[in-house]
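Shown next, in structure tokens, is the structure this report addresses.
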Amino acid sequence: MTDIQEMPLSVPHFRRKVEDFLGRNGLRLEDVDVYLSIQNPEGEILAGGGLKGDVIKCVAVSESSRSQGLSAPLFSRLISIASERGITNLKAFTKPKNESVFASLGFHTLAYAPKAILMENGRGLESYLEYLGKHRKNGRNGAIVMNANPFTNGHQYLVRNSSQQVDNLYVIPVREDVSRFPYRERLQMMESGCDGLAEVLEGSAYQVSSATFPTYFLKDLSDASETQMRLDLDLFGRHIAPALGITVRFAGSEPADPLTARYNELMKEMLPSYGIDFCETERLCDDENHSGTLHVHHSHVKSDPPDIAAIGISASRVRKALDEGRLPWWLVPSGTWPYLVAEAVSRSMRMELDAPFKPGLVDPGRRGAHTDMDYSLMKGSIDVIRRSFTSHSDKTNPVAFGKAVESDVMEYTGGVNTYRGAIFCQLTMAMAFLDLISRPETDTERLPELLPEAIARLASQVEPSYTSNGGRAVKEYGVKGALAMALGGYRELFGNWLPFYRSVKGDEWGLQKTLLLIMSSLDDTCIIHRAGYPRAQEVKAEASELLRNFSPEGLEAMDEVFLNERISPGGCADMLALTLLADNLLN
């Protein structure tokens with residue numbers, strides 16, 4: 001009867017079985033790493049529970065089996081699994097009537113809500129409160145809990161406005177990494193944007209997390225969400241606020257998202273019972289500039305259409321623009337700019353990598369003409385480039401910055417040169433763009449003509465090298481290499497490739513056609529190295545012909561030839577990704 005089985009939720013039959021069991025017990029299945037069950041001989045689930053990170057969840061015992069002591073062995077196994085994964089402090093989100101059962105298993109209660117309680121079996125909260133206590137200052141203290149995904153001018157306005165109403169303001173980040181921008185990046189953005197205004201503390205699993213607020217990121221206003229919001233606020237009022245001496249909590253208004261709006265309503269309703277005032281600040285709009293809050297000081301600043309701009313400045317609006325291939329740098333403080341640009345770099349490289357049927361190149365289903373690279377390695381390299389871009393602070397020296405990023409990637413790949421050429425061109429364009437928008441005198445309406453000039457200035461700091469395969473091809477045949485193209489401000493890209501790409505953006509084969517255009521005009525040193533200069537010239541002519549008479553079958557035939565001859569237009573792929581980045585930065 002007490003045999004415990006793991007339920008493989010990736011198998012539809014078992015997933016439906018668990019969902020039905022939980023549904024009968026008034027619960028729903030949420031995301032878990034593992035789910036265990038105890039079943040009777042007929043295969044009916046009598047008790048079940050899941051583990052997600054350090055949280056035990058989705059626990060239920062069928063009504064007919066609640067006197068059989070099934071909870072203890074089930075929890076013992078879940079605790080054992082967590083321990084094997086190095087997790088010694090577990091939390092449990094459960095119904096109040098189960099408090100005594102969990103207490104008998106070593107859990108103690110942290111927070112209460114009418115329909116749920118949060119418990120843990122270690123001293124995780126106690127340790128975090130000790131950390132907070134070390135930062136407590138005398139005077140009137142206030143707090144803001146924010147996700148800042150990413151940190152915007154609206155967040156900075158809220159911080160500035162709030163700091164004027166208290167002696168000490170604390171900003172507590174949502175720690176859980178379920179956002180587009182990882183926790184460490186969001187923390188760094190907050191530290192930059194709040195400098196001189198508030199003290200940014202480390203976040204924890206004890207505010208707006210999967211433990212206190214599991215459905216927060218689902219954006220689903222339901223009875224479960226209401227319960228979890230109340231639980232989160234009880235924990236804040238009962239533990240977090242006293243540790244810091246918080247007597248007022250601040251938040252921005254929410255005109256668009258019902259869940260966040262309801263959370264604000266509950267703060268207004270609940271926090272006074274803990275001796276905490278609640279202050280809601282109206283959201284900052286595009287045309288407002290409060291006491292220097294906005295870091296946009298150029299002669300011309302872009303904006304979204306009026307219907308979008310009317311909802312004010314928000315992180316969701318910034319993310320939407322990023323998804324659409326736009327970089328809304330004017331909506332965020334300067335400290336956030338590098339993170340948006342890193343996202344644009346990553347997006348452009350992923351778009352190139354994910355495009356299928358590129359002759360001789362890696363894509364999600366093929367290795368192309370490579371034996372040392374595959375999709376997984378390339379995708380992982382892009383992730384390293386993104387992290388490396390934001391972790392290295394000096395973005396003014398292209399040589400040092402490029403070497404640092406390249407070193408990180410080579411360490412990840414074990415010495416495989418996945419993106420050496422792309423790192424140079426992507427970083428040069430990204431650095432040039434950041435330099436331009438950081439200058440108050442920059443007329444942003446002229447960015448398309450200023451960016452090539454800025455790229456050329458940066459590239460002039462780089463000494464030419466002929467030790468690489470591409471460098472030797474440049475020296476032997478006199479073709480333009482990566483440095484020469486950058487020194488020329490990527491004239492062909494801005495004058496030909498980018499306009500063409502924008503003309504075929506809506507085409508199913510737009511990326512592949514743009515690649516063919518680049519192949520028809522670029523002396524690709526990768527092709528020259530692998531197939532020789534004469535064959536490289538033939539490839540240019542073949543690409544031009546296929547572009548004139550395009551067909552997917554023609555792409556497939558070219559790919560077959562390239563695979564047989566081990567031809568890889570890697571330089572063209574780098575230029576395709578760079579064209580996509582230029583489109584993103586200037587859109």
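Quick note: residue numbers are just sequence positions, from 1.
In this structure Arg347 satisfies the side chain to side chain donor-acceptor pair (under 3.5 Å) test with no other residue, sequence neighbours excluded. Every residue two or more places apart in sequence or in another chain that forms a salt bridge (charged side-chain N to carboxylate O under 4.0 Å, His left out) with Glu126 is listed here: Arg123. Not a single salt bridge (charged side-chain N to carboxylate O under 4.0 Å, His left out) links Glu120 to another residue, sequence neighbours left out. Remark: Phe401 engages Phe389 in a ring-ring contact (aromatic ring centres under 6.0 Å, His included) (not counting sequence neighbours). Contacts of Glu280 classified as side chain to side chain donor-acceptor pair (under 3.5 Å), with partners at least two apart in sequence or in another chain: Asn264. With sequence neighbours left out, Lys268 forms a salt bridge (charged side-chain N to carboxylate O under 4.0 Å, His left out) with no residue at all. By the side chain to side chain donor-acceptor pair (under 3.5 Å) test, Asp167 is found to be paired with no residue, residues two or more places apart in sequence or in another chain being considered. With sequence neighbours left out, Tyr375 forms a ring-ring contact (aromatic ring centres under 6.0 Å, His included) with no residue at all. Considering only residues two or more places apart in sequence or on other chains, Arg175 meets the salt bridge (charged side-chain N to carboxylate O under 4.0 Å, His left out) condition with Glu202. Every residue two or more places apart in sequence or in another chain was checked for a side chain to side chain donor-acceptor pair (under 3.5 Å) with Asn584, and none qualifies. For the ring-ring contact (aromatic ring centres under 6.0 Å, His included) test, no residue two or more places apart in sequence or in another chain qualifies with Phe236.
Within the 3.5 Å criterion, the main-chain N or O of Gln39 finds no donor-acceptor partner in the side chain of Ser37. Using a distance-only test at 3.5 Å, with no hydrogens or angles considered, no donor-acceptor pair links the side chain of Arg230 to the main chain of Lys115.
Taking 4.5 Å as the limit, some side-chain heavy atom of Leu118 sits within range of a side-chain heavy atom of Lys91.
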- prompt: So Phe102 and Phe75, ring-ring contact (aromatic ring centres under 6.0 Å, His included) or not? Walk me through it.
  reply: CA-CA 9 Å; Phe102 279 76; Phe75 270 76; 4.4 Å; yes

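When all heavy atoms of Ile81 and Leu51 are compared, the pair lying nearest together is CG2-CD2, 4.1 Å. Of all non-hydrogen atoms in His155 and Pro150, the two that sit nearest each other are CE1-O, 3.3 Å.
The list of side chain to side chain donor-acceptor pair (under 3.5 Å) pairs with a residue in residues 236-256, not counting sequence neighbours, reads Asp234-Arg238, Arg249-Tyr263, Glu254-Arg283.
Ion pair Lys57/Glu30 flagged as a salt bridge, since at least one NZ, NE, NH1 or NH2 atom sits closer than 4.0 Å to an Asp/Glu carboxylate oxygen.
When each of Val332, Val318, Leu322, Asn587 is paired with Leu327, the side chain to side chain contact (heavy atoms under 4.5 Å, CB included) condition holds for Leu322 and for no other.
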